[in-house]
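The next block holds one structure in the form of C-alpha cells; read it before the comments.
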Number of protein chains: 2
Amino acid sequence: MSEADELMLTIKEIADMANVSRTTVSRVLNDSGYVSIKARERVLKVIEETGYVPSQHAKSLRTKKSKVIGVVIPKLGTETSGRLVNGMNEVFSQYGYQILLTSSNLAPQKEIEYLSLLKSRQVDGIILTATNVSDQLIAGIRQLRMPFVAVGQNIPGVSNVVYDDLNAAKIMTRLLIERGRKNIAFIGVPESDQAVGVLRKQGFLDSMKEHCLNIRKEWIIESDFSISSGYSAMERIMERVVGGVIPDGVFCVTDRIAIGAIQHLKETGLKVPQQISITGIGASDLSKYVEPPLTTMDYENEKAGQEAAKILLAQIERNEDFQKTVILNGRLIRRDSL
Amino acid sequence: MSEADELMLTIKEIADMANVSRTTVSRVLNDSGYVSIKARERVLKVIEETGYVPSQHAKSLRTKKSKVIGVVIPKLGTETSGRLVNGMNEVFSQYGYQILLTSSNLAPQKEIEYLSLLKSRQVDGIILTATNVSDQLIAGIRQLRMPFVAVGQNIPGVSNVVYDDLNAAKIMTRLLIERGRKNIAFIGVPESDQAVGVLRKQGFLDSMKEHCLNIRKEWIIESDFSISSGYSAMERIMERVVGGVIPDGVFCVTDRIAIGAIQHLKETGLKVPQQISITGIGASDLSKYVEPPLTTMDYENEKAGQEAAKILLAQIERNEDFQKTVILNGRLIRRDSL
DNA sequence: ACCCTTTATGGAATCGATTCCATTCTATAT
DNA sequence: ATATAGAATGGAATCGATTCCATAAAGGGT
C-alpha cells in the first residue's frame with residue numbers, strides 16, 4: 001500500500017520479472033505459439049502476483065479489434081431500451097464483448113454524431129435504435145462501412161431487426177372491432193417516427209377500412225410517448241364528441257399512452273371495458289397491473305436485442321458481408337381492457 | 001462506393017494529402033500549438049473530404065486518457081438501473097465522456113471480474129452499483145487505484161453515493177403506525193444485500209420498537225425483488241395468521257414487492273387501504289398507476305446517477321484524491337395505499 | 001545591423017501491446 | 001553421424017496517434 005500513484009505495469013516489466021521476452025509473455029497471454037511449461041508458469045506467477053492487466057488500447061491498436069460494440073439508443077432508462085440492451089448484453093457478454101452505450105436523447109442530430117464517434121473508438125460493430133430515419137442518417141450509416149444492425153426502424157441497405165408494426169396495429173384494432181366496437185378512436189405519435197408514427201397508424205386505418213368502419217378525423221390524435229400525453233389526448237378526444245356519439249374503443253400506439261387514456265376515462269367516470277375498450281402495444285410492465293389490466297402486444301424486446309446482437313456478431317466474426325432482416329411478430333396478450 | 005474494404009485512414013495519409021507533417025495535423029486536431037491559417041485550412045479540408053476519424057486507441061495509448069467511464073450495474077433493464085445510468089449519462093455526455101456498460105447479472109463474482117476488465121480497457125474511472133458487498137469485492141476495489149464511486153451500497157475507503165435506507169424504512173414504517181396500524185408485517189429481501197436487506201429491515205424494526213409495537217417473527221418474510229415473489233410473500237403471511245388477528249399494515253422494502261402484495265390482497269378480497277395499508281420504497285413507475293396508488297419514497301435515482309458522475313469527474317479531471325460520500329434522502333410520495 | 005521573441009513546421013521518440021522472422025536447441029529418423 | 005522437423009525463444013517492426021525538441025523564418029526593439 002506504499003506506492004501511491006503506482007505506475008501502470010507493462011508487458012515489458014512482466015517479461016523482465018519472469019526472465020523472458022515480451023514475445024513470450026504475449027504468447028502466454030494469448031495462448032498462441034510455443035511456450036515451455038516452465039516459462040509459462042513463471043509468467044503466470046508474475047502476472048498473478050502483480051495483478052497485471054494488459055492494455056486493451058495497445059492491443060486494439062495492433063489487432064484492430066476492440067471487443068466493444070457501440071450501441072446508440074434514443075433514450076436511456078426507458079423500459080424498451082432497457083430490455084433491448086439487456087438482450088444484447090446477454091449475447092455479447094457471452095462472447096466477451098462489451099457495450100459502449102450512447103444515448104441520442106431523442107436528438108436526431110446526435111445520432112449521426114455518435115456514429116462517427118463510435119467509429120473513432122474503433123468499436124467492432126454498431127447497433128442503432130433510431131426513431132427518426134432521415135436521409136442524412138442513412139448517408140451517415142453508409143459511410144461507416146462496418147458491421148451494423150438497425151433495430152426497430154427499417155433502414156435500407158443494412159441488416160435490420162424490426163417488428164411488424166403494420167400487422168401488430170391491424171391486430172390490435174381488429175380486436176376492438178371483433179369485440180363489437182364501432183366508434184373507434186386512435187392515439188398516435190408524430191409521423192417522423194416511421195415505425196410507431198406511420199406504420200401503426202396505417203395498420204389502424206387498414207383494419208378500419210377492411211371492416212368498413214367510419215374513421216373520424218377528429219378522433220385521430222397525436223400524442224407523444226408519455227403517460228401524461230396519453231391522458232390529455234384522451235381528454236381532447238372527449239372534448240370533440242359531437243352529437244352524443246362517444247367513442248367505444250381506443251387504439252393507442254403504446255401502452256403508456258393507453259394507460260394515460262385509461263386514467264382519464266376513470267376520472268370522467270367512463271367504465272373500461274364495459275363502456276369503452278382500450279388496446280395498446282408494448283407489454284409495458286405497467287400494463288399488467290393497471291386497472292383494468294391492458295390488452296397489449298408483447299414485442300419481446302429482449303429477443304430483439306438478442307437477435308440484433310447475433311446478426312452483428314455473425315457479421316463481425318464470420319466477416320459475413322450479408323444484410324439480413326429479421327421481422328419479429330410479437331405476442332398478443334389479452335387482458336381485461338378489451 | 002467503389003472501394004469495398006476500404007483502408008482505415010491514418011493521420012499520416014491526411015498529412016500527406018494536405019502537404020504537412022503528422023505533427024501539424026495533430027495540432028489542428030487538438031487545437032494546440034502554432035499552425036498557420038493556410039495549413040489549418042488545408043488540413044480541415046482534407047479531413048472533411050475524406051471523413052477521417054482519428055483512432056482513439058492510438059490516442060488513448062499515448063495520452064493515457066480514454067474519455068470512457070466504466071459502469072457496473074447488477075442488472076440491465078431494471079427501472080432503477082435505467083434511471084441511474086440515465087443520470088450518469090446526462091453528466092458524462094456533457095463533458096465528452098461515454099459509458100462502457102457491464103452488467104454483473106447479479107453474480108457477485110462477475111462484479112470483481114468486470115472491475116479488472118474495465119481497468120484493462122483503461123477507462124478513466126469506474127462507477128459500481130453493487131448488491132452484495134463482500135470482502136473480496138472491497139479488496140478488488142482497493143487494488144484498482146483509480147477514480148471510483150460506489151452507488152447504493154456503502155463501501156469503505158472510496159467515494160459513495162448512498163441513500164439513507166435506515167431512515168427511509170423508519171419513515172415508511174412510521175407512516176403505517178401513525179395511520180393507526182398496529183399489526184404490521186414486513187416483506188424484505190436477503191441480508192446479503194446490505195442496503196435493502198439489512199438497513200431497511202433495521203429501520204422497520206427500529207420504528208416498531210420506538211412505538212412499542214409487537215413484532216411478530218412469523219410476519220417477517222423474505223422475498224426477492226420481483227412482483228411475483230411479493231405476491232407469494234403476502235400469501236405466506238396470510239397463511240400464518242393464527243388466532244384471528246390479521247395484519248393491518250405491510251411495509252414492503254420495494255415497490256415491486258408491494259405491488260405483488262397488493263395483487264394478492266385484492267384476490268383474497270381484502271380492501272387496501274380500508275382494511276390493510278401498504279407502503280413501499282422506490283417510486284417505481286408502476287406505483288402511481290396500480291389500484292390503489294402506492295405510498296412510496298422516491299429515491300430519485302437520476303439524481304444519484306448525476307451525483308456519482310460529478311464526483312467521479314472531480315476525481316478524474318481535478319485529480320482530487322478525496323473520497324466523498326453523499327447521502328440522498330429521497331422524497332416521500334403519499335398516495336392512497338396508506 | 002544584431003539580438004530576441006513569436007510563429008510555424010517537421011523529425012523522431014514514445015505509448016504497450018502483437019507478430020513476423022531468425023535463431024538455437026532437442027529429439028527422432030535415416 | 002547427420003539431416004530434418006518441431007519446440008522454444010527473442011529481436012525488431014508495427015499499429016496510429018501525441019509530444020519533445022530542433023530548426024527556420026518573420027517581426028520588433030534598441
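Residue numbers start from 1 in every chain, and the chains themselves are labelled A, B, ... in the order their sequence lines are given, proteins ahead of strands.
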Should A:Y34 be listed as having a side-chain N or O under 4.0 Å from OP1 or OP2 of D:dA7?
yes
Could I get the full list of side chain to side chain donor-acceptor pair (under 3.5 Å) partners for A:K12, not counting sequence neighbours?
A:D16
Report yes if at least one side-chain N or O of B:T24 is closer than 4.0 Å to OP1 or OP2 of C:dG10; otherwise report no.
yes
Contact check, residues 50-65 of chain A vs DNA chain D, heavy-atom distance under 4.0 Å, returns A:L61, A:R62, A:K64
Among D:dT9, D:dA17, C:dT9, find the nucleotide with the atom closest to the side chain of A:V35.
D:dT9
Working for side chain to side chain donor-acceptor pair (under 3.5 Å), residues A:S60 and A:Q122:
CA-CA 8 Å; A:S60 296; A:Q122 311 253 148; over 6 Å; no
Could you check whether the rings of B:Y299 and B:Y163 sit parallel, tilted or perpendicular, using 30° and 60° as the cut-offs?
parallel
Between the side chains of B:E41 and B:K45, is the shortest nitrogen-to-carboxylate-oxygen separation below 4.0 Å, so that they form an ion pair?
no
For B:K303, give me all partners under salt bridge (Lys or Arg N to Asp or Glu O under 4.0 Å), at least two apart in sequence or on another chain.
B:E300
Residues A:D31 and A:R40 bridged, charged N to O under 4.0 Å:
yes
Within the structure shown, what part of the strands sits under 4.0 Å from B:V25 by heavy-atom distance: base, sugar-phosphate, or nothing?
nothing
B:R22 has an atom CZ; how far is it from atom C1' of C:dA13, in whole Å?
11 Å
Please give, in whole Å, the distance from D:dT18 P to B:D31 CG?
12 Å
Using only modelled atom types and a 3.5 angstrom limit, is any donor from either the side chain of B:S21 or the base of C:dG11 paired with an acceptor on the other?
no
Rounded to whole angstroms, how far apart are CZ on B:R40 and P on C:dT7?
13 Å
For B:S36 and C:dT9, is the shortest distance between a side-chain N/O and OP1 or OP2 below 4.0 Å?
yes
Taking atom C1' of D:dA17 as reference, at what distance in whole Å does atom CD of B:Q122 sit?
15 Å
Do A:T23 and C:dT19 have a side chain to base donor-acceptor pair shorter than 3.5 Å?
yes
What I'd like to find out is whether the side chain of A:K59 reaches to under 4.5 Å of the side chain of A:N30, using heavy atoms alone.
yes
Not counting sequence neighbours, which residues clear salt bridge (Lys or Arg N to Asp or Glu O under 4.0 Å) with A:R121? List them please.
none
Sequence-distant partners of A:E90, side chain to side chain donor-acceptor pair (under 3.5 Å), two or more places apart
A:Q306
Let me know the distance between CD1 of A:I11 and P of D:dG10, rounded to the nearest Å.
12 Å
Nearest whole angstrom, please: distance from the C1' of D:dG10 to the CG of A:N19.
13 Å
Return the value, rounded to whole Å, for the distance between atom CZ of B:R121 and atom C1' of C:dG16.
16 Å
Which whole-number value in Å describes the distance from A:E13 CD to C:dG16 C1'?
10 Å
Kindly say whether A:K75 contributes a backbone atom to a donor-acceptor pair with the side chain of A:S81 at under 3.5 angstrom?
yes
For the helix from C:dA1-D:dT30 to C:dT30-D:dA1, how many degrees between its two end axes (five pairs per end), to the nearest 10°?
50°
Taking the nucleotide of DNA chain C with the closest heavy atom to each, which residue, A:T10 or B:G33, is nearer the 5' end?
B:G33
Name the closest nucleotide to the B:R27 side chain, picking from C:dA17, C:dT9, C:dC20.
C:dT9
Comparing A:R42 with B:K12, nearest DNA chain D nucleotide closer to 5' gives the residue A:R42
